[in-house]
Amino acid sequence: MKQVVSILLVLAVGFFIFSALYFPNQGDSAFDSYGEVDLDERVSSSFIDKNVTGENDEVVFGESANLEDGSANYVTSVIVNYRSFDTLGEVTVLFISAFGVGLLLSGRRKKQAFAHQPNFILKYGARLVFGIMVIFGVYMFSHGHLAPGGGFPGGAIIAAALLLLYLADNDFRAKMKAFKVTEGIAGSIYVILGLLAIVIGGYFLMNFLPTGIVGTIFSAGLIPIIYVLIGLKVGSEIAGIVDSFLTVEVEK
Amino acid sequence: MIQYLSIALMLVGIYGLLSQRNMIKLIVSLNIFEIGLNIFIVSIGFVKDGLAPILTSNHNSSALLYVDPLPQAMVLTAIVIGVGITALALALARKLYKTHGTYELDEMEGE
């Protein structure tokens, strides 16, 4: 009975979604058809030409210099420059959820023992891979303005490397205090950079550093700095969540 | 086509949220719903024959045809918030399992 009611409700919701999207009244469609988007009509065209605040015609990789935002990766330029305030809120949401997980699973804790003792290959292979994963994570968040990736996936990779150590060694326990200090410092510097931008440029989180030549590693002004901070913050937050889930409360 | 598939995925997630009474299954349904929504949002920005929105030494000019970077940035935000929600929900589920000894919402009793 419950299933039948659910199916009927889902079909009704599906009908409304499809009719709103694909049978528009007389031409004013809510969305363009799939793949037939004209970017010049959208706000994204000024993100691509980097002329949101000033005049600019074309961005050339390796040649254009001193643009309003020097990031070669457009998604990064939207996340960390044009919509940086949004990202500050997003990082806050992640912090609050990590805080909530720590609060719910709190108490004096020790590492949860797994049913099987990890064997030799897992134990030493994990230590070998751990360094490579951390280096790759750091590479990812320090090259967020040039290549795919950025602070969020880079931080997640670092946390995954820590998870590997937890899985491979029954006695391993990370020093969570260091992660909490890292997270707090990274978040504070992000806000302080935003306030500093008000003093220097007049807008919160404005890109006040020189942006350099598009496509070089020292370019894009504030973007790499903020993405490194986000990488450290996300990495330590997810590591905290992993630690909370893989430990059990100790009876006193 | 992929837009229809993503909406179908969303509906599967809604069905799971409506019909299941197990906490872990509810969290999995929430994730399926979210993935369908994310694929839909990315598909809004797709441009036919568009390049990935990154300048490289091969595609070195902004005059080329790129896909819309804005929906991708929005989805990156949504994914991170989804991770936060899932972690919080799993922590709640584990806490409830500790006090009630079950993941089924119907079998829980008030104290």
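Fair warning: this is a prediction, and the values are worked out from it, not measured in the lab. Sequence lines set the chain letters: A, B, ... in the order given, protein chains first and strands last, and positions in each chain run from 1.
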(message) S77(A): which residues meet the side-chain contact (heavy atoms from CB on, under 4.5 Å) condition with it, sequence neighbours left out?
(response)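 Result, side-chain contact (heavy atoms from CB on, under 4.5 Å) vs S77(A): K50(A), D69(A), S71(A), Y74(A), Y82(A).
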Can you tell me which portion of [X] sits under 4.5 Å from chain B's heavy atoms? Options are side chain, backbone, both or neither.
X	value
L94(A)	side chain
L103(A)	neither
V101(A)	both
A98(A)	neither

(request) Search all heavy atoms of L104(A) against all heavy atoms of A91(B) and return the closest pair with its distance. (result) CD1-CB, 3.9 Å
(request) Looking only at non-hydrogen atoms, find the nearest pair between R94(B) and F245(A) and report the distance. (result) NH1-O, 2.6 Å
(request) Find the one option among L76(B), I85(B), I14(B) whose heavy-atom pairs under 4.5 Å with chain A are most numerous. (result) L76(B)
(request) Among I79(B), I81(B), T77(B), single out the residue with the greatest number of heavy-atom pairs under 4.5 Å to chain A. (result) T77(B)
(request) Nearest 0.5 Å please: distance from the OH atom of Y4(B) over to the CD1 atom of I17(A). (result)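 Here the interatomic distance stands at 13.0 Å.
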(request) Nearest 0.5 Å please: distance from the CG atom of L11(B) over to the CG atom of L9(A). (result) 11.5 Å
(message) For K2(A), is the NZ atom crowded, meaning more than 12 foreign heavy atoms sit under 6.0 Å from it?
(response)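 Yes, the 6.0 Å shell around NZ holds more than 12 heavy atoms from other groups.
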(request) Kindly check if the number of other-residue, nucleotide or ligand heavy atoms within 6.0 Å of CD1 (I217(A)) is above 12? (result)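 Above 12, so yes.
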Anything under 3.5 Å between a donor and an acceptor, one on a side chain of residues 50-59 of chain B, the other on a protein residue two or more places apart or in another chain? List them.
| from | atom 1 | to | atom 2 | distance (Å) |
| --- | --- | --- | --- | --- |
| T56(B) | OG1 | N58(B) | N | 3.4 |
| T56(B) | OG1 | H59(B) | N | 3.3 |

(request) Identify the residues of residues 63-75 of chain B whose heavy atoms come closer than 4.5 Å to a heavy atom of chain A, ordered by number, or report 'none'. (result) A63(B), Y66(B), V67(B), D68(B), P69(B), L70(B), Q72(B), A73(B), M74(B)
(message) If the contact rule is any heavy atom under 4.5 Å from chain A, which residues of residues 16-34 of chain B qualify, in numerical order?
(response) L18(B), S19(B), R21(B)
(message) If you count heavy-atom pairs within less than 4.5 Å of chain B, which of V91(A), V214(A), I79(A) leads?
(response) I79(A)
